[in-house]
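Working notes, beginning with the structure itself.
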Amino acid sequence: MDNTTAATNLTDGMHILTESLMANGVSKMYGVVGIPVTDFARIAQAKGIRYIGMRHEADAGNAAAAEGFLTGKPGVFLTVSAPGFLNGITPLKEATENGWPCIMIGGSSTRNLVDMGEGDYEGLDQMNFAKPFCKASFRVDNLEDIPLAVARAMRIALSGRPGGVYIDFPGETMGLSMDADAAKAIIYTVNDPCPAMVPSQTSVDAAMKLLAGAKNPWIILGKGAAYAQADEEIQNFIHATGIPFQPMSMAKGLLPDDDPLATLSCRGLAMRTADVVLLVGARLNWMLQFGKGKKWNPDVKFIQIEIDPAEIDNSRYIDAPIVGDIKSTMKMMNEALKTTPVKASAEWQQLLAADIAKNDARFAGKTASSEVPMNHYNALGAVKKVMDKNHDVYLVNEGANTLDDCRDIVNQYLPRHRLDCGTWGVMGVGLGYAIGAAVTTGKPVVSIHGDSAFGFDGMEVETICRFHLPVTVMVLNNGGIYRGDFENLGTDGDPSPLTLDATAHYEKMMEAFGGKGYFATTPDEVEQMLTEAIASKQPCMINVQLSVHAGVESGHIGNLNPKPVTGPLADSEMVDDPAVK
């Protein structure tokens with residue numbers, strides 16, 4: 001073969017990586033390009049992978065993570081070396097904490113220069129930096145290893161508890177070449193990357209026996225239950241047993257929030273009085289007070305369905321652990337009802353229903369109020385009216401009061417239609433999640449932010465416009481973190497650490513990039529503008545003007561003249577922010 005013929009039959013690392021991803025079902029990739037991955041993004045796009053160029057690597061990672069949650073397949077995102085890589089590490093860790101499959105591909109500097117510390121451009125040992133923040137981290141030095149790295153990343157991201165995987169591609173690996181036919185021969189599709197993990201019958205029988213003997217059984221659905229796509233199995237079990245259920249925020253919609261067995265309005269009473277609790281895809285972490293303490297019935301017993309055995313007994317004793325995947329487990333529990341009937345008592349259902357009716361009546365006045373300037377309650381009450389008529393619209397939500405109140409006020413009716421800050425409770429995920437949801441589903445997305453939370457990722461409104469995504473961004477502006485009426489306790493005249501701009505017209509950002517901007521000052525305007533924005537299926541943004549007094553601070557302020565202490569401050573030595581009182 002002459003040299004000319006040989007040259008035309010070569011391929012390189014960028015093509016092999018692209019083809020390996022496509023062989024494993026990757027059709028989209030989010031990212032920020034630069035040295036050394038720019039040409040890889042171009043080649044991937046030319047080969048048929050949709051490339052969504054973002055304005056920040058963290059937002060690209062969050063978009064990929066959202067795709068992983070919604071589809072059950074790893075979302076993929078791309079970063080440049082060093083600072084870009086470090087920006088991507090945060091969403092990779094968030095995805096791992098949330099249990100969402102996600103693969104980060106990072107271009108990196110010349111390995112020998114990094115290893116010797118010779119000061120290469122953006123030199124960083126990225127493979128080892130990534131290891132504490134994800135399930136696995138690989139560096140690819142040989143072209144022949146690219147298909148293997150992709151296959152291993154797919155399997156690790158999906159199997160067991162899902163999570164993030166990092167693949168490091170030094171620039172020189174990207175540019176290496178080999179025979180194209182030989183490369184094609186080594187590319188393969190991973191075989192059964194996420195096999196069912198069927199629990200032992202003994203563990204299921206023990207759980208069913210405990211449930212059958214419960215006086216006040218309760219089910220808590222976590223986002224793992226939503227991710228598992230075991231919707232029918234979960235719905236059948238709840239309706240067959242009549243057990244009241246509490247959906248955690250991203251499990252809302254597994255069953256409609258207005259289901260008569262939903263305990264959204266009486267969670268406190270349920271925690272205090274439930275004697276057996278079945279955890280389905282939920283962890284006893286900070287969001288559930290670790291399953292202990294004064295908010296819980298001191299005699300409560302827990303059944304936990306968990307795919308990761310290390311999570312059992314993580315914070316307290318679990319009476320009936322079931323190690324297995326949710327879909328397989330719920331199938332077995334439904335089958336077991338034939339021999340071990342379980343039925344929640346009418347007395348237990350009625351006790352909770354009475355508390356729900358009382359709390360809903362008390363809450364209704366706040367959400368229906370026409371008071372202006374608006375507060376979170378009546379602004380979100382208007383949002384609820386619109387979402388109640390648009391069940392198949394995805395909702396993304398972040399902020400402090402904006403997050404807490406939206407979760408309580410706005411109902412969900414379909415599974416996996418709500419995304420928020422998740423296990424870590426971080427802000428700055430909203431627009432990344434919104435873009436991921438819109439790109440993945442093609443459906444309208446409403447992304448609701450507090451004015452502080454919006455600042456973390458607000459530039460992604462340009463991405464929304466550039467890709468003509470059906471995303472409506474809503475900013476609830478009360479001029480501050482928690483709210484806008486805090487004062488500077490010093491004498492320098494600067495704004496308070498919690499103060500933002502209560503007069504900002506955030507909607508102008510959307511208009512600047514070609515989208516539609518709205519400015520809402522009343523609940524009626526919120527309802528009308530949101531209805532119009534969703535129907536348009538175009539990039540839109542609604543700036544909702546709230547009172548600067550709207551909101552509650554979730555933190556504490558310490559004594560301005562503290563006494564010396566040798567240990568942690570007792571609760572009695574801390575005072576609530578006086579403005580809250």
Check your understanding: For the residue pair Y166 and F138, is the inter-centroid distance of their aromatic rings smaller than 6.0 Å?
Key -> no
Review point. Hey, does L17 have a side-chain heavy atom less than 4.5 Å from the side chain of V140?
Key: no
Exercise for review: Flag the pair T463 / I52 as yes when at least one side-chain heavy-atom distance between them is below 4.5 Å, and no otherwise.
Suggested key: yes
Check your understanding: With K93, which residues qualify under salt bridge (Lys or Arg N to Asp or Glu O under 4.0 Å), at least two apart?
Key -> E97
Practice item. Is it possible for you to check whether K223 lies under 6.0 Å from the centre of the six-membered ring of Y227, through NZ or CZ, and within 45° of that ring's axis? Key: no
Exercise for review: Mind running side chain to side chain contact (heavy atoms under 4.5 Å, CB included) on L395 and M387 for me, showing each step along the way?
Suggested key: CA-CA 9 Å; L395 177 66; M387 297 298 284; 4.1 Å; yes
Check your understanding: Do the side chains of V526 and I542 get nearer than 4.5 Å, heavy atoms only?
Key -> no
**Study point:** Main-chain N/O of A437 paired with T440 side-chain donor or acceptor, under 3.5 Å
**Key:** no
Exercise for review: Indicate whether the side chain of T503 and that of D501 have a donor and an acceptor atom separated by less than 3.5 Å.
Suggested key: yes
Review point. Can you pull the ring-ring contact (aromatic ring centres under 6.0 Å, His included) pairs that have at least one residue in residues 384-420, sequence neighbours excluded?
Key: H391-Y413, Y394-H417
Review point. Does the R416 side chain pair with the main chain of M250, one donor and one acceptor, at a distance under 3.5 Å?
Key: no
Point to revise | Donor-acceptor contact present, side-chain D259 to main-chain L255, <3.5 Å | key: no
Check your understanding: Do you see a donor-acceptor pair shorter than 3.5 Å between the side chains of H15 and D12?
Key -> yes
Review point. Does the side chain of T263 pick up a donor-acceptor pair with the side chain of Q246 at under 3.5 Å?
Key: yes
Exercise for review: May I ask you to establish whether R42 and F40 are in a cation-pi arrangement, using a distance under 6.0 Å from NZ or CZ to the six-membered ring centre and at most 45° from the ring axis?
Suggested key: no
Exercise for review: Flag the pair Y377 / F363 as yes when their ring centroid distance falls below 6.0 Å, and as no otherwise.
Suggested key: yes
Practice item. State whether the side chain of N62 and the backbone N or O of P91 hold a donor-acceptor pair below 3.5 Å, judged by distance alone. Key: no
Review point. Hey, are the side chains of E487 and S496 touching, using non-hydrogen atoms and a 4.5 Å cut-off?
Key: no
Exercise for review: Examine distances only and state if a side-chain atom of D257 and a backbone atom of Q412 form a donor-acceptor pair shorter than 3.5 Å.
Suggested key: yes
Exercise for review: Give a yes or no answer on whether the side chain of D231 reaches the backbone of L254 with a donor-acceptor pair at less than 3.5 Å.
Suggested key: no
Check your understanding: Which value, rounded to the nearest 0.5 Å, describes the distance between S447 atom OG and L419 atom CG?
Key -> 9.5 Å
Review point. Do D59 side-chain atoms and R55 backbone N/O form a donor-acceptor pair below 3.5 Å?
Key: no
Exercise for review: Show your reasoning for whether side chain to side chain contact (heavy atoms under 4.5 Å, CB included) applies to F85 and V80.
Suggested key: CA-CA 6 Å; F85 157 82; V80 299; over 6 Å; no
Practice item. Decide whether T402 and E398 meet the rule of one side-chain donor and one side-chain acceptor closer than 3.5 Å. Key: no
Review point. Could you walk me through whether N375 and S547 pass the side-chain hydrogen bond (donor to acceptor under 3.5 Å, both in side chains) check?
Key: CA-CA 6 Å; N375 54 47; S547 165; over 6 Å; no
Check your understanding: Can you check whether W100 and Y433 have ring centres sitting under 6.0 Å from each other?
Key -> yes
Point to revise | Validation row: V32, L78 side chains within 4.5 angstrom (heavy atoms) | key: no
**Study point:** Shortest non-hydrogen contact between C194 and S159, atoms and distance
**Key:** SG-CA, 4.4 Å
Practice item. Could you grab the distance from atom CG of N390 to atom OG1 of T531, nearest 0.5 Å is fine? Key: 7.0 Å
Practice item. Give a yes or no on whether the backbone of G425 and the side-chain of W286 come within a donor-acceptor separation of less than 3.5 Å. Key: no
